[in-house]
Amino acid sequence: MTDVPLWSMNADETTAVISEVMAAESQLAELKARLLSHATQIELPSNTAASSTATWHAATTRTTRAAAHRSMRLADGLENHPATRTALAEGRVHVEQAEVILRALADLPDDLDPAIATQAEERLLALAGQFDAKALKILGRRILEIVSPETADAHEAKLLEREERDAAAATRLTMWDDGHGKVHGRFTLDTLHGAMLKKALFAIAAPKHQASKGPLGQRRPTPERLGQAFAEYIERYPTKRLPKTGGLNATVVALITLETIEGRLKAAQLDTGEMISPGAARRLACNAGIIPAVLGGKSEVLDLGRTQRFATPAQRLAKTIEAGGCEIHDCDWPPGMTHTHHLKRWVDGGTTNLRDLVSLCPHHHTRAHDETYQLTRLPTGKYTFHRRT
């Protein structure tokens with residue numbers, strides 16, 4: 001085949017040969033699936049102490065484990081659905097289509113009448129002649145509406161419940177700072193919250209909203225516009241609606257000097273440690289979600305003595321700025337998630353003055369109330385615990 005000249009083939013011949021090659025690929029895939037099933041039957045993986053046929057296949061053919069397991073899933077599925085095996089062996093469906101069909105059949109109810117399941121398989125195989133794997137996946141999900149309308153609604157409801165449970169368990173969010181002024185991240189959401197987030201971002205990134213900031217001809221590409229919309233969404237979200245941590249709403253605090261407010265070139269620092277430009281600091285000082293703590297300016301009363309047991313929001317905020325997180329030596333708990341603790345217990349006559357308060361993470365706050373340990377101040381200003389003798 002490597003020596004076959006192709007220069008003389010016209011468009012129609014090229015198209016026909018590509019179709020024939022794809023059919024041949026399907027036939028080879030079916031043969032490979034039968035061979036893998038045969039390898040399982042004769043217990044071939046046990047010769048090399050492999051844990052499964054897929055693992056044995058990956059090791060002996062230098063195939064990745066993901067690809068090997070995918071091939072094994074196809075082989076197992078074809079064992080239970082001979083009609084799909086025949087269609088693949090004859091080249092009437094591609095491997096992607098066969099995988100989608102087998103997945104749709106596997107999702108059918110276990111107590112479904114076998115005759116209805118057979119009709120579903122036949123119908124999907126017929127649809128494969130008109131649709132690609134992506135469209136076939138959508139049709140496969142609703143195949144019961146065609147072959148068994150009376151059971152379709154209950155089946156779809158069960159599918160949705162299972163998907164929602166799986167999505168809730170898979171929900172993730174990771175973020176990391178690259179050290180060059182950018183934060184990267186990945187997330188996984190269930191369909192409902194993904195749709196809600198998408199709708200909110202598209203509302204902010206809509207042309208009408210963007211036009212208020214500049215000519216429509218200067219609209220950014222969609223990914224950039226959505227990124228800017230996400231940043232605006234974060235700034236717009238009202239902090240009063242966020243749950244409190246350590247007695248304060250989740251609020252970013254910008255430590256801004258008087259020089260920065262006056263427009264001089266000096267960077268500002270967030271209470272979480274990140275640095276921002278003077279321009280960004282001045283802009284954030286105008287927004288409700290950011291509290292500018294102007295160093296050296298007039299502050300609220302921070303000493304209450306014995307008039308109040310619990311620290312005020314102003315005290316907690318001041319302590320957050322001053323401590324920069326948990327005040328225990330070598331603890332890296334962030335400032336926004338610490339508790340305010342009386343160095344001398346309130347019941348023992350302690351006062352609610354700023355100098356008598358300490359910021360502790362939940363773990364160390366619990367230990368501070370454990371009479372087994374004693375809290376000691378270090379020369380660095382941090383604290384440590386010692387077991388009482």
Side-chain angles (χ1 to χ4, degrees), residues 168-169 171-177 179 183 185 239-257 268-276 289-297 299-389:
T171 299
R172 297 287 189 276
L173 172 64
T174 57
M175 297 190 300
W176 61 95
D177 195 311
V183 174
T239 57
K240 292 182 179 180
R241 297 182 60 183
L242 293 172
K244 292 187 176 182
T245 56
L248 286 173
N249 289 325
T251 305
V252 173
V253 181
L255 310 181
I256 309 171
T257 64
Q269 182 180 3
L270 302 180
D271 63 331
T272 51
E274 293 87 352
M275 302 298 293
I276 58 176
I290 306 297
I291 294 181
V294 182
L295 305 183
S299 63
E300 297 182 53
V301 177
L302 299 179
D303 291 333
L304 301 176
R306 294 282 297 173
T307 62
Q308 183 170 313
R309 176 177 181 178
F310 297 107
T312 66
Q315 285 179 313
R316 295 180 189 275
L317 194 58
K319 198 62 188 176
T320 294
I321 297 170
E322 178 185 272
C326 180
E327 294 189 73
I328 299 300
H329 179 65
D330 285 339
C331 182
D332 60 356
W333 200 267
M337 301 181 69
T338 55
H339 299 167
T340 303
H341 172 71
H342 289 81
L343 287 172
K344 184 178 182 180
R345 295 192 309 174
W346 175 265
V347 295
D348 295 333
T351 59
T352 310
N353 295 332
L354 192 62
R355 64 180 181 277
D356 299 322
L357 302 176
V358 59
S359 291
L360 300 176
C361 68
H363 170 73
H364 287 126
H365 195 188
T366 301
R367 177 163 290 187
H369 286 277
D370 186 346
E371 295 184 357
T372 307
Y373 297 92
Q374 179 178 356
L375 190 62
T376 305
R377 186 180 177 92
L378 300 172
T380 60
K382 292 285 188 176
Y383 293 84
T384 188
F385 287 98
H386 294 288
R387 188 179 292 273
R388 297 179 188 271
T389 56

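Here the structure is a predicted model, which is why all the values come from computation and not from measurement.
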From [X] atom [atom1] to [Y] atom [atom2], the distance as rounded to the nearest 0.5 Å:
| X | Y | atom1 | atom2 | answer |
| --- | --- | --- | --- | --- |
| L378 | I328 | CG | CD1 | 8.5 Å |
| L360 | T366 | CG | OG1 | 9.5 Å |
| H369 | H342 | NE2 | NE2 | 9.5 Å |
| H341 | L357 | NE2 | CG | 9.5 Å |
| C326 | K382 | SG | NZ | 7.0 Å |

Inset, instruction - Output every pair passing salt bridge (Lys or Arg N to Asp or Glu O under 4.0 Å) with a member in residues 323-334, not counting sequence neighbours, ordered by first then second residue. - result: K319-E327
Legend entry - T340 versus H365, closest heavy-atom pair with distance: O-CE1, 4.4 Å
Legend entry - Nearest heavy atoms of Y383 and L343, plus distance in Å: OH-CD1, 3.6 Å
Legend entry - Partner set under ring-ring contact (aromatic ring centres under 6.0 Å, His included) for F385, not counting sequence neighbours: H364
Inset, instruction - For H386, enumerate each residue passing the ring-ring contact (aromatic ring centres under 6.0 Å, His included) test, keeping only those at least two apart in sequence or located in another chain. - result: none
Go through the structure and list residues passing side-chain hydrogen bond (donor to acceptor under 3.5 Å, both in side chains) with [X], not counting sequence neighbours.
| X | result |
| --- | --- |
| T380 | none |
| R172 | none |
| R367 | none |

Inset, instruction - Please examine the side chains of S359 and W333, heavy atoms only from C-beta on, and report whether any two atoms are closer than 4.5 Å. - result: no
